[in-house]
K.L.:
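Quick one: this structure, given as structure tokens, is what I'll be asking you about.
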Number of protein chains: 2
Amino acid sequence: MSNLSVSELPVLQSESAVPCCPPLTERPLSAEEAERTAVMFKALGDPVRLRLFSLIASHEGGEACVCDISDVGVSQPTVSHHLKKLKDAGLLTSERRATWVYYKVAPEVVASMSALLDLRR
Amino acid sequence: MSNLSVSELPVLQSESAVPCCPPLTERPLSAEEAERTAVMFKALGDPVRLRLFSLIASHEGGEACVCDISDVGVSQPTVSHHLKKLKDAGLLTSERRATWVYYKVAPEVVASMSALLDLRR
DNA sequence: CTTCTGAATCGACGTTTGTCGATGCAGCAT
DNA sequence: ATGCTGCATCGACAAACGTCGATTCAGAAG
């Protein structure tokens, strides 16, 4: 698995004038762009991770404690593993509060993925 | 790999009054929904497939002959294999015209994925 | 300090995936 | 028919992935 930091994700790189993410219709992706962008799609390309993500996204404030979302039919270590992947992909952030760890949706990154798929032109 | 037909994809199922795809923020996905939806994200979760997809999407008319997009650094059978996966996921359609096979973006399906990631509420 | 609970890491495993060369098939054009 | 070209399928194999139980770590509470 790739170990990109959030700051390296293509969708967050541009503070430029143009909108951050040209849709996939605008021009072919370079190999490097594809490599980095695929990490985000791959992160959502697993059923368990999709459920975890939607559990968090649909929770109040777009964030949830791990203990609130652990009932997805896999073991606790597996849940932890998937949350880590979503976090590594830049789709979630996490924060420890006392005993519990809260995961939260990273709105800009997700919006950027959505923009990539906007095929209008 | 799952073998869902396009008609089985959740994003195309609802001809109902509500917009076809509630964003992931609206409610948690069921196991079955997640299973089917993940197929589409997984399809774009590979660098080569992302490049192929953007090559087709950015081509005139949102379609391209295989011969136009085969230069992505992998062998011809591998290109064929990836195009099949994108097609099985419902993201592309294909049509043979004489000697050549043309692949085309399935706009509704892609728009639906985009809608899933629309986190406004 | 010890204990308890929630979450992360480790090590191992079977399965899936991406890739290739070889081969097969479809549709032209000799 | 024969050959040629574009694309799909097959079989094989290494690498990556999802999963688990066991263990470790962090923080709170006795």
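Reminder, nothing fancy here: chain letters follow the sequence lines and each chain counts from 1. Excluded from the calculations below are hydrogen atoms, water molecules and symmetry mates; all remaining heavy atoms, backbone and side chain alike, are included.
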K.L.:
Determine: side-chain N/O of Arg49(A) to OP1/OP2 of dG18(D), distance under 4.0 Å, yes or no.
P.N.:
yes

K.L.:
Would one find a side-chain N or O of Thr78(B) under 4.0 angstrom from OP1 or OP2 of dC20(C)?
P.N.:
yes

K.L.:
Between Ala98(A) and Gly45(A), which residue's closest nucleotide on DNA chain D lies nearer the 5′ terminus?
P.N.:
Gly45(A)

K.L.:
When we call it a touch if two heavy atoms are under 4.0 Å apart, what does Val79(B) touch: a base, just sugar-phosphate, or nothing?
P.N.:
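Contact class for Val79(B): none.
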
K.L.:
Quick check on dG6(C): is either OP1 or OP2 less than 4.0 Å from any side-chain nitrogen or oxygen of Thr99(A)?
P.N.:
no

K.L.:
Just how far, in rounded Å, is P of dC17(D) from NE2 of His82(A)?
P.N.:
12 Å

K.L.:
When you measure from the side chain of Gln76(B), which nucleotide among dA7(C), dC7(D), dC20(C) comes out closest?
P.N.:
dC7(D)

K.L.:
Can you confirm whether the side chains of Lys87(A) and Ser94(A) place a donor and an acceptor under 3.5 Å from each other?
P.N.:
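The answer is yes; a qualifying pair exists.
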
K.L.:
Stepwise, does the side-chain hydrogen bond (donor to acceptor under 3.5 Å, both in side chains) test hold for Thr25(A) with Ser58(B)?
P.N.:
CA-CA 4 Å; Thr25(A) 43; Ser58(B) 64; over 6 Å; no

K.L.:
Is there a side-chain polar atom (N or O) of Tyr103(B) under 4.0 Å from OP1 or OP2 of dA8(D)?
P.N.:
yes

K.L.:
Is the phosphate of dC7(D) approached by Lys84(B) (side-chain N or O, under 4.0 Å from OP1 or OP2)?
P.N.:
no

K.L.:
Considering heavy-atom distances to DNA chain D, does Gly73(A) or His81(B) have its closest nucleotide positioned more toward the 5' end?
P.N.:
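Closest to the 5' end, via its nearest nucleotide, is His81(B).
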
K.L.:
Send over the distance from Asp88(B) CG to dT17(C) P, rounded to a whole Å.
P.N.:
12 Å

K.L.:
Using a cut-off of strictly less than 4.0 Å, decide whether Lys42(B) has a side-chain nitrogen or oxygen near OP1 or OP2 of dC17(D).
P.N.:
no

